[in-house]
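Computed from a prediction, not measured in an experiment: that's the story for all the values here.
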Amino acid sequence: QVQLVESGGGLVQAGGSLRLSCAASGRAFSGYAMGWFRQAPGKEREFVAGISWSSGTIYYADSVKGRFTISRDNAKNTVYLQMNSLKPEDTAVYYCAADPTVLKMRLNRRLDYWGQGTQVTVSS
């Protein structure tokens, strides 16, 4: 079993920045891709960014390209999401996910593990 714990959410003004972290614990995590998703009130959960184990493959949703950066530190079993130039439409609960295949994240398919989420609110 794998546990994912997100942190770093909060309230920020439009144009500001936040950095989300997701720490993984539990069984051996080697080889897993990790990613970020978000769900705004009344909307379906959507893919934000995904990164392969080696960091050799990275995907972003079009809505965040150029503003968000995903990275990971495998020694710490942690993935990060640096969010810059935040907009009110970025307001959502952000979830961390883990799965052997980063492409499944990009395609928003069923994934192996999910965190509990962290709230990000961007005020205008």
Side-chain angles (χ1 to χ4, degrees):
Q1 193 73 337
V2 173
Q3 293 80 43
L4 303 175
V5 179
E6 302 96 336
S7 61
L11 174 64
V12 64
Q13 289 188 335
S17 298
L18 281 175
R19 188 194 195 204
L20 305 183
S21 299
C22 173
S25 61
R27 58 161 285 179
F29 207 62
S30 180
Y32 270 72
M34 297 184 75
W36 291 95
F37 292 73
R38 66 186 182 187
Q39 187 167 19
K43 295 186 177 181
E44 294 187 353
R45 186 159 55 190
E46 63 174 358
F47 168 79
V48 175
I51 186 168
S52 63
W53 168 256
S54 68
S55 301
T57 300
I58 293 176
Y59 296 113
Y60 292 102
D62 289 343
S63 59
V64 306
K65 279 181 182 176
R67 301 188 299 123
F68 291 10
T69 302
I70 189 171
S71 61
R72 67 187 297 162
D73 184 341
N74 290 337
K76 297 181 179 179
N77 278 352
T78 300
V79 64
Y80 306 97
L81 185 68
Q82 178 66 44
M83 306 186 294
N84 299 328
S85 301
L86 283 161
K87 305 175 182 180
E89 51 263 43
D90 294 318
T91 295
V93 177
Y94 282 70
Y95 297 91
C96 175
D99 193 89
T101 310
V102 68
L103 183 59
K104 285 173 62 180
M105 296 184 178
R106 178 63 186 90
L107 299 176
N108 208 357
R109 299 287 170 81
R110 184 172 181 174
L111 305 177
D112 283 1
Y113 300 105
W114 290 92
Q116 293 300 305
T118 185
Q119 177 70 46
V120 171
T121 303
V122 184
S123 63
S124 57

Step by step, work out the side chain to side chain contact (heavy atoms under 4.5 Å, CB included) result for Met83 and Thr69. CA-CA 7 Å; Met83 306 186 294; Thr69 302; over 6 Å; no
Under a 4.5 Å cut-off applied to non-hydrogen side-chain atoms, are Phe37 and Asn108 in contact? yes
Nearest 0.5 Å please: distance from the CG atom of Leu20 over to the CZ atom of Arg38. 11.0 Å
Cluster check Met105, Tyr59: I/L/V/M/F/W/Y, side chain < 4.5 angstrom: yes
Give, for atom CG of Leu81 and atom CD1 of Ile70, the distance between the pair rounded to the nearest 0.5 Å. 6.0 Å
Polar side chain donor-acceptor pair, Asn84 to Ser17, under 3.5 angstrom: yes
Which pairs count as ring pair (Phe, Tyr, Trp, His ring centres under 6.0 Å) when at least one residue sits in residues 73-98, sequence neighbours excluded? none
What disulfide (SG to SG under 2.5 Å) pairs are there with at least one residue in residues 50-124, not counting sequence neighbours? Cys22-Cys96
At what distance, to the nearest 0.5 angstrom, does CE of Met34 lie from CG of Asn74? 9.0 Å
Would a single hydrophobic cluster contain both Leu111 and Leu4, if residues Ile, Leu, Val, Met, Phe, Trp and Tyr are joined by side-chain heavy-atom contacts under 4.5 Å? no
Is the shortest distance from a Lys or Arg side-chain nitrogen in Asp90 or Lys87 to a carboxylate oxygen in the other one below 4.0 Å? no
Any chance you could measure Ser55, atom OG, to Asp73, atom CG, to the nearest 0.5 Å? 9.5 Å
Look at the aromatic rings of Tyr32 and Tyr113 and report parallel, tilted or perpendicular, splitting at 30° and 60°. tilted
Looking at side-chain heavy atoms only, is the closest gap between Gln13 and Val122 below 4.5 Å? no
Side chain to side chain, Tyr60 and Val48, heavy atoms closer than 4.5 Å: no
Counting only heavy atoms not in Gln116, do more than 12 sit closer than 6.0 Å to its CD atom? no
From Lys104 NZ over to Asp99 CG, what is the distance, rounded to the nearest 0.5 angstrom? 3.5 Å
Which heavy-atom pair separates Pro88 from Ala14 by the least distance, and what is that distance? CD-CB, 4.1 Å
Using only atom types and a distance under 3.5 Å, with no angle test, would you say the side chain of Glu6 pairs donor to acceptor with the backbone of Gly117? yes
Do Trp36 and Phe47 have their ring centres less than 6.0 Å from each other? no
State plainly whether one hydrophobic cluster holds both Val102 and Val64, where clusters connect Ile, Leu, Val, Met, Phe, Trp and Tyr through side-chain heavy atoms under 4.5 angstrom apart. no
Output yes when a side-chain donor or acceptor of Thr91 lies under 3.5 Å from a complementary backbone atom of Thr121, and no otherwise. no
From CD (Glu89) to NZ (Lys43), nearest 0.5 Å: 8.5 Å
With a 3.5 Å distance limit and no angle check, can you tell me whether Ser54 reaches the backbone of Gly56 through a side-chain donor-acceptor pair? yes
State, with a plain yes or no, whether a side-chain heavy atom of Asp112 is found less than 4.5 Å away from one of Val2. no
